[in-house]
Q: 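The structure follows.
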Amino acid sequence: HEAHKTPTRIQFYESSMSSRMTERLLLENDLHDALANQELFLEYQPQLDLQTGQVKSVEALVRWKHPKKGWISPGVFIPIAEESGLIIPIGQWVLETACKQVKRWEGAGLPPIKVAVNLSLGQLFQQNLVGMIHNVLEKTQLEPQYLQLEITESMTINIDHMTTILHQLKALGITIAVDDFGTGYSSLSYLKDFPIDCLKIDRSFVQKIQSSSTDKALVDTILSVAKHLQLKVVAEGIEEIEQLSYLITSNCDTVQGFLFSKPIHPNILQENYQTLHENAKSILDSITAIK
Ligand code: C2E
Ligand code: MG
Ligand code: MG
Ligand code: MG
């Protein structure tokens, strides 16, 4: 009997694994056409400047509406784009679309908004990334101080290459943030070499501020490191008023999270710009009232 069971089990694993791989190959195939078919969109998540209560920046987040499968999360398709090399054309499209959008908001009379765009590792090793970004800025006429690029600690595998590229990007006048800071198992020494402007505290720490003294200590430590190195801090994933309250007390510069706003369509942001600020004011007032 045992002799029969084992092969069956192996067969089960093999078929479920190959169906996952087939699914992935199908998605990769569809992702090839997604740009040309205009299935990719950007949403923008407003970031709240705690000093002024204003939205001075947003993060651009890519969305894919698959014609048959519906919305597919970037957590699923960005890794496929990275492994297939499609991240190069997709990344360029994201950058150009985001820069154009900032100019469009400006044209519609909104106060200056800075856009943060996520970079993938593959883009840092693409031919002439700096030239491409320079061209996008020229073409869209976006002033470089309104563009921030987000890198992650996992990209610090080649410190020399990264240092060169980041200095070239800084020379263009754009700023650099480290996304998901504290989750990357990398040495902190890169903070000495890289011309970084901002740390983004990962939401896994923020969301446990109340429940875990370790996570709270890590948030405090990141804020302290940032202060000593004169870096700005954006805290990600704020969902609860208590998290915001703690970050305000700790002098965090900027927050981003569902408590304030989800990522939204650029026209919705434009139409509701005033409402967003009224929202922010009532959230911030309610915190002052508690104190
Ligand atoms: P990320 O860069 O860390 O972006 C923040 C993610 O957290 C977004 O997920 C956002 O929707 C989500 N988020 C924001 N506030 C909250 C909150 O309060 N609670 C919770 N639970 N989540 C919150 P999203 O849009 O699904 O993106 C996931 C990841 O995909 C991004 O993480 C980024 O690594 C990657 N990604 C998205 N767009 C791009 C892109 O254009 N290029 C590249 N290379 N990667 C991208
Ligand atoms: Mg990001
Ligand atoms: Mg992040
Ligand atoms: Mg994150």
Side-chain angles (χ1 to χ4, degrees), residues 31 34-35 39-48 55 57-65 70-101 114-126 129 132-133 136 147-155 175-184 196-210 219 222 232-244 247 252 254-266 269 276 279 283:
L31 192 55
L35 258 185
E39 293 161 17
L40 297 184
F41 304 86
L42 293 188
E43 286 189 329
Y44 298 84
Q45 188 172 30
Q47 299 177 333
L48 183 61
V55 176
S57 51
V58 296
E59 179 176 6
L61 294 156
V62 68
R63 304 289 178 244
W64 181 16
K65 189 168 191 185
W71 295 104
I72 297 177
S73 151
V76 171
F77 74 84
I78 289 291
I80 296 176
E82 285 169 344
E83 279 166 35
S84 60
L86 285 169
I87 196 64
I88 305 299
I90 290 175
Q92 179 163 349
W93 176 85
V94 167
L95 192 78
E96 190 169 329
T97 306
C99 292
K100 272 188 203 148
Q101 185 58 53
K114 178 170 182 163
V115 68
V117 174
N118 293 282
L119 272 194
S120 280
L121 180 62
Q123 290 178 275
L124 282 165
F125 289 92
Q126 89 179 67
L129 172 73
M132 183 276 277
I133 294 177
V136 167
L147 176 62
Q148 178 152 290
L149 295 177
E150 295 190 2
I151 60 168
T152 57
E153 290 172 305
S154 59
M155 297 180 180
T175 57
I176 312 286
V178 181
D179 203 358
D180 308 334
F181 185 75
T183 63
I196 283 164
D197 303 279
C198 174
L199 301 180
K200 292 190 78 176
I201 307 181
D202 192 67
R203 73 164 185 264
S204 60
F205 304 128
V206 170
Q207 292 185 341
K208 289 197 198 146
I209 283 179
Q210 307 116 288
V219 169
I222 295 171
K232 294 278 177 208
V233 178
V234 177
E236 289 191 298
I238 285 81
E239 293 181 356
E240 315 269 338
I241 200 103
E242 291 78 12
Q243 295 160 354
L244 178 60
L247 290 161
C252 181
T254 304
V255 292
Q256 176 182 347
F258 294 172
L259 174 70
F260 175 51
S261 171
K262 294 203 164 176
I264 49 180
H265 188 282
L269 189 146
L276 267 178
N279 251 345
I283 295 171

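We count ligands from 1, going down the list as the structure has it; atoms in each ligand are counted the same way. Everything numeric here is computed off the predicted structure, so don't read it as measured data. What you see below is based on every heavy atom in this structure, not just the backbone, and it leaves out hydrogens, waters and symmetry mates.
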Q: With a 4.5 Å heavy-atom cut-off, do Glu59 and Glu236 have their side chains touching?
A: yes
Q: Will you find, in the side chains of Gln210 and Gln243, an N or O donor that is under 3.5 Å from an N or O acceptor?
A: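 Their side chains do contain a donor-acceptor pair, which is all the 3.5 Å distance test asks for.
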Q: Which atoms of ligand 1 sit under 4.0 Å from any heavy atom of Gly257?
A: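 In order of numbering, the contacting atoms are 15 (N), 18 (O).
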Q: If you count the atoms of ligand 1 from 1 in the order shown, which ones are under 4.0 Å from a heavy atom of Gln45?
A: 14 (C), 15 (N)
Q: The Mg ion (ligand 3) and Glu236: any N/O/S contact shorter than 2.8 Å?
A: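 Checking the Mg ion (ligand 3) against Glu236, an N, O or S atom does fall under 2.8 Å.
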Q: When you compare the side chain of Phe41 with that of Val62, does any pair of heavy atoms fall below 4.5 Å?
A: no
Q: Can you name the N, O or S atom of Glu150 that is closest to the Mg ion (ligand 2)?
A: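 Relative to the Mg ion (ligand 2), the closest nitrogen, oxygen or sulfur of Glu150 carries the name OE1.
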Q: Lys114 and Gln47: side-chain donor and acceptor closer than 3.5 Å?
A: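 Result is no, nothing qualifies.
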Q: For ligand 1, which part of Gln207 has a heavy atom less than 4.0 Å away: the side chain, the backbone, both, or neither?
A: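 The answer is the side chain of Gln207.
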Q: Should you measure from each heavy atom of Asp179, which atoms of ligand 1 turn up under 4.0 Å away?
A: 1 (P), 2 (O), 3 (O)
Q: Just let me know how Asp180 lines up against ligand 1, side chain, backbone, both or neither, with a heavy-atom cut-off below 4.0 Å.
A: side chain
Q: Checking contacts here: is it the side chain or the backbone of Lys262 that comes within 4.0 Å of ligand 1, counting heavy atoms only? Could be both or neither.
A: neither
Q: For the 3.5 Å polar cut-off, considering only N or O atoms, please tell me whether Arg63 and ligand 1 meet it.
A: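 Among all N and O atoms of Arg63, at least one is under 3.5 Å from an N or O of ligand 1.
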Q: Of the choices Pro74, Ala177, Ala60, which has the non-hydrogen atom that lies closest to atom 24 (P) of ligand 1?
A: Pro74
Q: Say whether Phe258, considering both its backbone and side-chain N or O atoms, lies within less than 3.5 Å of an N or O atom on ligand 1.
A: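 There is such a contact, yes.
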Q: What heavy-atom pair brings Gln207 and Gly237 nearest, and what distance separates the two atoms?
A: NE2-O, 3.1 Å
Q: Kindly indicate whether the side chain of Met132, heavy atoms from C-beta on, has any atom under 4.5 Å from the side chain of Leu95.
A: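 Yes - at least one pair of side-chain heavy atoms lies under 4.5 Å apart.
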Q: Measuring from Asp197:CG to Lys232:NZ, what's the distance to the nearest 0.5 Å?
A: 10.0 Å
Q: Would you indicate whether the side-chain heavy atoms of Leu48 and Thr254 approach each other to under 4.5 Å?
A: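 Counting from C-beta outward, Thr254 and Leu48 never come under 4.5 Å.
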Q: Within the 4.5 Å heavy-atom criterion, are Cys198 and Val233 side-chain neighbours or not?
A: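 Sidechains of Val233 and Cys198: no contact.
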Q: Of the options Val58, Leu276, Val55, Leu269, which is the one that meets Ser261 in a side-chain contact (heavy atoms from CB on, under 4.5 Å)?
A: Leu276
Q: Return yes when Glu59 approaches ligand 1 closer than 4.0 angstrom through a heavy atom, no otherwise.
A: yes
Q: If we only count N/O pairs under 3.5 Å, is Glu82 in contact with ligand 1?
A: no
Q: Nearest non-hydrogen contact with atom 4 (O) of ligand 1 belongs to which option: Leu119, Leu61, Val255, Leu259?
A: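 Among Leu119, Leu61, Val255, Leu259, the closest heavy atom to atom 4 (O) of ligand 1 belongs to Leu61.
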Q: Any side-chain heavy atom of Trp64 within less than 4.5 Å of one from Leu31?
A: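 In contact.
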Q: To make sure I understand the geometry: which N, O or S atom in Glu59 is closest to the Mg ion (ligand 2)?
A: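 So the atom name we want here is OE2.
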Q: May I ask you to identify, for Glu43, whether its side chain, its backbone, both or neither come under 4.0 Å of ligand 1 on a heavy-atom basis?
A: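 None of Glu43 does.
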Q: Hey, is the Mg ion (ligand 2) within less than 2.8 Å of some N/O/S atom on Asp180?
A: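 No, Asp180 does not qualify, because none of its backbone or side-chain N, O or S atoms lies under 2.8 Å.
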Q: Is the shortest side-chain heavy-atom distance between Val219 and Leu247 below 4.5 Å?
A: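 Val219 reaches Leu247 side chain to side chain.
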Q: Please state whether the separation between the Mg ion (ligand 3) and some N/O/S atom of Asp179 is under 2.8 Å?
A: yes
Q: For ligand 1, which atoms, with element, lie under 4.0 Å from some heavy atom of Ser120?
A: 44 (N)
Q: Of all the atoms in ligand 1, which lie at a distance below 4.0 Å from a heavy atom belonging to Val94?
A: 41 (O)
Q: Regarding ligand 1, does Glu239 bring an N or O atom to under 3.5 Å of one of the ligand's N or O atoms?
A: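 Right, the criterion is met.
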Q: With side chains defined as the heavy atoms from C-beta onward, is the minimum distance between Val178 and Lys200 less than 4.5 Å?
A: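 No. Closest side-chain heavy atoms not under 4.5 Å.
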Q: Counting only nitrogen or oxygen atoms and a 3.5 angstrom limit, does Gly75 reach ligand 1?
A: no
